[in-house]
Amino acid sequence: MEASTGLFAGTPNSNELVVIQGHDEPKPVKNLDGQLCEICGDSVGLTVDGDLFVACEECGFPVCRPCYEYERREGTQVCPQCHTRYKRIKGSPRVLGDEDEDDVDDIEHEFKHEEIQQGKMIHGDDDGNFKSKPVGLAKEFRLFVSNMQENGELPISSHSLGEPGAKFDDKEKTDDWKIQQGNLWPETDASVDPEKAMIDEARQPLSRKVAIPSGKLSPYRMMVVARLLLLLLFFEYRIFHPVPDAIGLWFISVTCEIWLALSWMIDQLPKWFPIDRETYLDRLSIRFEPENKPNMLSPIDIFVTTADPMKEPPLVTANTVLSILALDYPSDKISCYVSDDGASMLSFEALQETAEFSRKWVPFCKKFSVEPRAPEKYFSEKIDFLKDKLQSTYVKERRTMKREYEEFKVRINALVAKSMRVPPEGWTMKDETPWPGNNPNDHPSMIQVLLPRNGGNELPCLVYTSREKRPAFQHHSKAGAINALLRVSAVLSNAPFVINLDCNHYVNNSKVVREAMCFFMDIQLGNGIGFVQFPIRFDSLDRNDRYANKNTVLFDINLRCLDGIQGPSYVGSGCIFRRKALTGFDSPKITKRPRTVQVHSKQDENGEVTSITATDEDKELLKSQMNDENKFGNSALFMNSSLTEDGGVDPSSSQEALLKEAIHVMGSKYEDRTLWGYEVGLSYESIAADTLTSLKMHCRGWRSVYCMPKRDPFRGTAPINLTDRLNQVLRWAVGSLQILFSSHCPLFYGLGGGRLKGLQRIAYINSTVYPFSSIPLLIYCIIPAICLLTDKFITPSVGTFASLVFIALFISIFASAILELRWSGVSLEEWWRSQQFWVIGSVSANLFAVMQGIMGALPLGRVNTNFSIVSKAADDVEFRELYAIRWTALLIPPTTIIIINLIGFVAGFTDAINSGEHSWGALLGKLFFSLWVIVHLYPFLKGLMGRQNRTPTLIVIWSVLLASIFSLVWVRVDPFVLKTKGPDVMQCGISC
């Protein structure tokens, strides 16, 4: 596709292009063949006796000899299907744990085989015939044994070398002997057979699961079980020991405790199987990037969404785009699409400047392999040139590039300053043509290719898009923009994988796409993976992370635990999708082994590349699922692209047809009467489109993977202002309740044929019902103040046993949390901040979300829950936004709770002073619970006061008024105290 000299735009009443651009002819799609081995795809082959090689005698799971021997040496030594331990087969070296055999197949006899004497091994080729390959095993083994015998260190019996007769003089030589016994492929000199070692390495899996060490996980599980048992004892005491003089207070407190305990259990069940994952980028490179041959890595389309250049500054978006263009991935495999939902000329011109600067920035990044590849972050890091002993050429070019970037920033800032003064007649482009997006709510589709994909170009393709908007149509915010990009990219590039990023989430690890491809392009497991989710880390946070913006518990604990079940849920950004899964197709059946394994690329023994197209049965299945226009809309070119199994555009399509179709699929009318947003693409049925989309994908049978590379894959900015943070939590909670009250409620969605696992379903239930915990938590935050004001308590006088149960329960709560932090690596401070903001968010944003959800379900009318953009602008003054307080009703409930508890503090101390020393013991328990509430709300109180105590007067007035009214009414009414009827003093006197 060639770079355009003008902007492509559709007319208001048709799909006609304003400007037509040419493009390169698309490359044909490569579909490559697989074989019979379920691990590497090679032929299973034959044994040394010429029989069919069978690795497992129990179930006959097809595995070739190299994979069988690699599993015995490096893996778990068990069959992947039936988990039976592999037995040693004739011709295979012994490994530790092999049972002694009585037949003649010992080390001495097995190496008398003619081929193995010559240093060769027999296995099947791609045609099913057997042939020999040099491995150099017998020669090195004999040298090892002869040297040991000459030194007198190894008395060898007349039987096998693995018998107990083998003894050594010292432990180091014993370890060497054990290592030698376990070596399947002895290390050979590179000059002997380097290609053989490379081919053998390429056969191995591209990733593997890494179990959490049992020494860390088992104590955590035991403590969770102990905590559950203590909860049962606690509730046995609470339920059967009511408080007679405050029965109402006792009943409400027990009800709240039961609800919170059930919430904890639902949250804890999916955390039972946490795992880690490990990827092998070198194997990926060996397998799919052969030397002197075409690169066979899969193409990928990258989506960046932006809507308001004032809240999402162009410089932030530019850094994200530059980090994408500089990825450590073949440039001709990357297409970057930027969606401007605000149709802003500022965003368009800033992206043009970004494209020009990328011609200098991308070669610099790839030449010196710099990290990170977002220039703002890269140049902000301090480098000690003397200490790191950097090359002089790098130092010079870095200084030059920094000057170039400063000039680039000046140009971007000039565009921002210019955009502040809007002309009365609207914006015009350089050729005096009116800007089509002068009205952001009523404009045609726009598209321009800013960086072409030409032969020999070092830069990826960069495309600017802005979908059509008309007042009569719903546009569905971010979800609608991503769905439009999904259609446009299918027409222009149609990569089999797509990734979406918010404009403020830059790529911090240039190998992040390779990390994902280690899962997607795996021969055995890759076809069933729908998406790979990465963690997102955040910059520009205050040192103490006052409002838990890092979301460390979510990214480092919850998602890792879900990865051990069916996979993590989609979190809205930093996720790489399989296009087929995102466009509504079901996952392939994994119960039956397919006759052919569809992979993106594969090499045979000679390094030759073979290819195969999708079978007719697969195409018929795809066509049956497409259901023509009713599902995907009236675009034949888009549907043909979707039928292409491994991506790529139709070579028969002309340049003009592709561009015209791209304008067409971005139109407002295109999604009308289709399943876009319901069964295809991101879901429109909830504000939490990410959670609902991943729920549907998991119900279709797709699995997801959570990948945590050592270097953070993505970083970005988060709202550090209290008001913005609460509004963000409110939006998440409202979206969760929309899912709960919809036809996609995880309680029953997918039960009639879906493939959602039980624990995964529980995790989704927890993610939709959690806002309701705000009601018992709110009550429980007020109960301490009530106890102090009424001189009553929620429990009667406790005995020794009850005291021990209470103390043990508190210890188990902290112990389980500490053990959870131990296996997850989360710091204690991060966990505590998460607990504090859980209370703050529950009594404010989640509470309002429940009210909105109830009002929305009633016929009284629905509450406006439109998507709002959070400011992502960087401040000139450090953390200035942290101390800014903006009015919102969400601030009233926490403020009221704090004031009520402070009043209760004063009332409790006053009553204890007046009552004498005997009342101080009971006061301590009440003060403890009240202090628990205030400590959890302390970050809110600190944020409310601000740097200069500039709390909005309206918040103070409402909070003090509500707290005072509540306290006075409570003291007067005292509803939870049992009213007793005594004698009439007027009749019989005071001493009756």
Side-chain angles (χ1 to χ4, degrees), residues 230-266 769-798 802 805-806 809-810 813 838-844 846-851 853-854 892-905 907-908 911 922-937 962-980:
L230 289 171
L231 274 174
L232 295 178
L233 293 175
F234 172 78
F235 283 118
E236 188 274 336
Y237 175 82
R238 292 285 283 126
I239 294 173
F240 294 103
H241 293 79
V243 182
D245 59 343
I247 195 70
L249 191 64
W250 165 83
F251 177 77
I252 289 181
S253 64
V254 171
T255 304
C256 294
E257 290 165 359
I258 292 175
W259 179 274
L260 295 175
L262 290 175
S263 299
W264 172 79
M265 291 177 59
I266 295 175
V769 303
Y770 77 91
F772 285 104
S773 297
S774 61
I775 297 176
L777 191 61
L778 174 68
I779 296 174
Y780 220 73
C781 288
I782 298 176
I783 283 178
I786 295 175
C787 294
L788 290 169
L789 290 171
T790 60
D791 196 23
K792 305 297 179 182
F793 202 49
I794 58 177
T795 61
S797 299
V798 296
V805 170
F806 288 0
L809 181 59
F810 277 107
I813 291 174
W838 171 68
V839 176
I840 296 172
S842 295
V843 300
S844 57
N846 292 352
L847 181 65
F848 275 74
V850 172
M851 295 170 58
I854 295 174
I892 294 178
T895 307
T896 304
I897 292 174
I898 292 175
I899 295 176
I900 289 176
N901 278 274
L902 291 177
I903 293 175
F905 248 91
D911 183 69
L923 177 65
L924 293 179
K926 303 172 186 177
L927 292 179
F928 172 79
F929 285 105
S930 184
L931 184 64
W932 177 88
V933 174
I934 295 176
V935 168
H936 276 79
L937 294 177
L962 290 176
S964 303
I965 294 174
F966 179 83
S967 302
L968 294 175
V969 171
W970 192 274
V971 173
R972 181 66 181 89
V973 177
D974 208 1
F976 289 154
V977 178
L978 184 63
K979 304 298 182 181
T980 58

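The line from NZ of Lys926 to NZ of Lys792 is 8.0 Å long, rounded to the nearest 0.5 Å. To the nearest 0.5 Å, the span separating CZ on Phe905 from OG on Ser930 amounts to 4.5 Å. In this structure, the separation between CD1 on Ile783 and CD1 on Ile252 is 7.0 Å, given to the nearest 0.5 Å. Between the CH2 atom in Trp932 and the CG atom in Asn901 there is a gap of 10.0 Å [rounded to 0.5 Å]. Here the CD1-CD1 distance, from Ile903 to Ile898, works out to 12.5 Å after rounding to the nearest 0.5 Å. Here Ile934 contributes atom CD1 and Phe929 contributes atom CZ; the two are 14.0 Å apart, rounded to the nearest 0.5 Å.
Taking all atoms of both residues into account, the shortest heavy-atom contact from Leu260 to Ser773 is CD2-O, 4.3 Å. The two atoms that bring Pro894 and Ser844 nearest to each other are CG-CB, 3.7 Å, heavy atoms only. Across all their heavy atoms, Leu249 and Cys787 have their closest contact at CD2-SG, 3.9 Å. Contact record, Val839 with Cys781: CG1-SG, 4.2 Å, taken as the closest heavy-atom pair.
Here the side chains of Val933 and Tyr780 are not in contact, with every heavy-atom distance at 4.5 Å or above. Contact of the Thr255 side chain with the Pro776 side chain is not registered, since no non-hydrogen atoms from C-beta on lie closer than 4.5 Å. Put simply, the side chain of Ile247 does not reach to within 4.5 Å of the side chain of Val243, judged on heavy atoms. In this structure the side chain of Ser253 reaches within 4.5 angstrom of the side chain of Arg238, judged on heavy atoms. Counting heavy atoms from C-beta outward, Phe848 and Ser774 have side chains that stay 4.5 Å or more apart. Annotation: side chain of Trp250 is not in contact with side chain of Ile794 (no heavy-atom distance under 4.5 Å). For the pair Ile266 and Tyr770, the minimum side-chain heavy-atom distance is 4.5 Å or more. Using a 4.5 Å heavy-atom cutoff, the side chains of Tyr237 and Val805 are not in contact.
Asn846 places no side-chain N or O within 3.5 Å of a backbone atom of Ile840 that could act as its donor or acceptor partner.
The environment of CZ in Phe235 is crowded: more than 12 heavy-atom neighbours from other residues, nucleotides or ligands sit within 6.0 Å.
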Item to complete: Go through the steps to decide whether Trp259 and Ile775 satisfy the test side-chain contact (heavy atoms from CB on, under 4.5 Å), and finish with yes or no.
Response: CA-CA 10 Å; Trp259 179 274; Ile775 297 176; over 6 Å; no
